[in-house]
Amino acid sequence: MSKKWQASDIPSLADKRVLITGANSGIGYHAALKLARKGAHIIFACRDQRRGEAALARVEADSPGLRMELAILDLASLSSIHHFAAAELAQHRPLHLLINNAGVMTPPRRKETADGFEVQFGTNVLGHFALTALLMPALQQAAGASSGNAAERPRVVTIASIAHKRGRINFDDLNSTRSYSPMGAYQQSKLANLLIAFELDRRLRAANSRIMSVAAHPGVANTNLFQSGEYSAVEKSLRTFVGHVIGIALNSDSEGALPTLYASTSDDAEDGGYYGPQGFLEMRGHEVGRAKIAAQATDTACAVRLWQVCEELTGVKFFSEVAAVAS
């Protein structure tokens with residue numbers, strides 16, 4: 001791959017439909033903006049309508065005439081996910097790129113989703129698992145019309161984190177009901193994202209699907225994921241200050257979007273690949289390349305078990321028959 005790959009290398013995306021969760025801010029917003037500039041029709045899947053509308057207005061002010069739409073989606077609610085997916089599939093239109101970008105990071109106190117899951121595991125992992133499964137018909141529709149060329153194949157891009165390296169999957173307490181650590185729960189969710197992305201790749205290839213599963217991480221970037229949350233006024237001020245330092249010393253949210261864009265569009269991105277910045281400890285840099293994968297993220301037995309747990313908890317299944325045959 002070229003170490004000098006930049007957003008300007010994104011090919012034409014005319015007639016491509018792209019869905020990005022959490023596209024109203026941060027890395028999701030900048031990925032949406034750059035993909036829209038290349039001709040893609042971007043679906044801003046956002047939880048908050050006001051913030052979603054503000055994001056679309058911001059894009060329109062920056063680059064008038066781009067193809068965008070807002071869709072309300074709350075990944076912390078399985079009902080919302082089902083409603084959104086049903087509305088999307090009812091349009092009978094192909095989906096060429098799904099970027100599972102939205103996330104919750106380290107709320108100081110344990111919170112739950114509408115379905116009673118710990119909010120980081122429930123949103124970052126279960127929400128995206130259910131969404132991907134339910135949108136698979138639209139991705140398959142795009143795959144049916146694609147060539148074998150990587151640039152034409154639909155992709156599911158999962159945004160992970162270097163935090164996965166310290167993550168552990170605690171099957172005895174996935175929802176942190178016995179003990180809650182803000183960072184521990186976040187690390188577990190990001191490890192789970194990577195395990196599911198790799199397992200999805202294996203199941204797609206076993207099914208001879210043209211859909212690609214690719215993962216990426218932004219390094220350390222100044223995004224609202226880091227700054228938002230229920231904190232005291234002092235801690236909010238401190239986090240805002242640290243965020244500015246991160247933006248100067250490490251990556252802005254625009255720079256942090258580069259690995260996502262690479263995983264989403266580069267001809268050199270491979271099935272089951274994981275990409276990130278190549279700077280100091282993978283935390284910063286304008287060069288994108290293969291990201292380092294912690295040993296626990298390569299545990300296929302753990303991935304299969306986690307996949308099955310996600311199916312049970314969400315009530316949504318896909319590619320289970322392929323897995324049974326492959327095993």
Would you check if the side chain of Glu118 reaches a backbone N or O of Leu174 as a donor-acceptor pair within less than 3.5 Å? no

Any non-hydrogen side-chain atom of Leu19 less than 4.5 Å from a side-chain atom of Leu97? no

Report the residue from Leu313, Leu134, Asp115, Leu131 that forms a side-chain contact (heavy atoms from CB on, under 4.5 Å) with Leu78. Asp115

Charged N-O contact under 4.0 Å between Glu112 and Arg110: yes

May I ask you to establish whether Arg202 and Trp307 are in a cation-pi arrangement, using a distance under 6.0 Å from NZ or CZ to the six-membered ring centre and at most 45° from the ring axis? no

Using atom types as modelled and distance alone, determine if a side-chain donor or acceptor of His82 lies under 3.5 Å from a backbone N or O of Ser79. no

Among Lys111, Gln120, Arg109, find the one that has a side-chain hydrogen bond (donor to acceptor under 3.5 Å, both in side chains) with Tyr180. Gln120

Quick one: does Val214's side chain get under 4.5 Å of Thr158's, heavy atoms only? no

If you measure only the distance, is there a donor-acceptor pair under 3.5 Å linking the side chains of Thr177 and Asp173? yes

For Lys4, is there an ion pair with Asp9 - N to carboxylate O distance below 4.0 angstrom? no

Are the aromatic ring centres of Phe129 and Phe121 under 6.0 angstrom apart? no

Answer yes when Lys16 and Glu152 have at least one side-chain N-carboxylate O distance shorter than 4.0 Å, and no when they do not. yes

Pairs satisfying salt bridge (charged side-chain N to carboxylate O under 4.0 Å, His left out), at least one member in residues 76-89, at least two apart: Arg17-Glu88

Do we see a donor-acceptor contact under 3.5 Å between the side chains of Ser80 and Asp74? no

For the residue pair Glu312 / Gln308, report whether a side-chain donor-acceptor contact shorter than 3.5 Å exists. no

Please determine, by modelled atom types, if Ser320 and Glu311 share a side-chain donor-acceptor pair under 3.5 angstrom. yes

Is Arg93 paired with Glu69 through a side-chain N to carboxylate O contact shorter than 4.0 Å? yes

Would a single hydrophobic cluster contain both Val309 and Leu200, if residues Ile, Leu, Val, Met, Phe, Trp and Tyr are joined by side-chain heavy-atom contacts under 4.5 Å? yes

Lys NZ or Arg CZ of Arg58 over Tyr29 ring: under 6.0 Å, within 45°: yes

Determine whether a donor-acceptor pair (N or O, by modelled atom type, separation under 3.5 Å) exists between the side chain of Thr314 and the backbone of Cys310. yes

Would you mind telling me which of Glu282, Gln296, Gln187 makes a side-chain hydrogen bond (donor to acceptor under 3.5 Å, both in side chains) with Lys165? Glu282

Let's go through Phe117 and Val125 carefully: what are the C-alpha distance in whole Å and the side-chain angles of both, what is the deciding distance for side-chain contact (heavy atoms from CB on, under 4.5 Å) to 0.1 Å, and is it a yes or a no? CA-CA 10 Å; Phe117 305 121; Val125 184; over 6 Å; no

Is any side-chain heavy atom of Leu75 closer than 4.5 Å to a side-chain heavy atom of Thr21? yes

Anything under 30° is parallel, anything over 60° is perpendicular, the rest tilted; go ahead and classify His217 against Tyr274. tilted

Quick one, Arg155 and Ile211 - any side-chain contact, counting heavy atoms below 4.5 Å? no

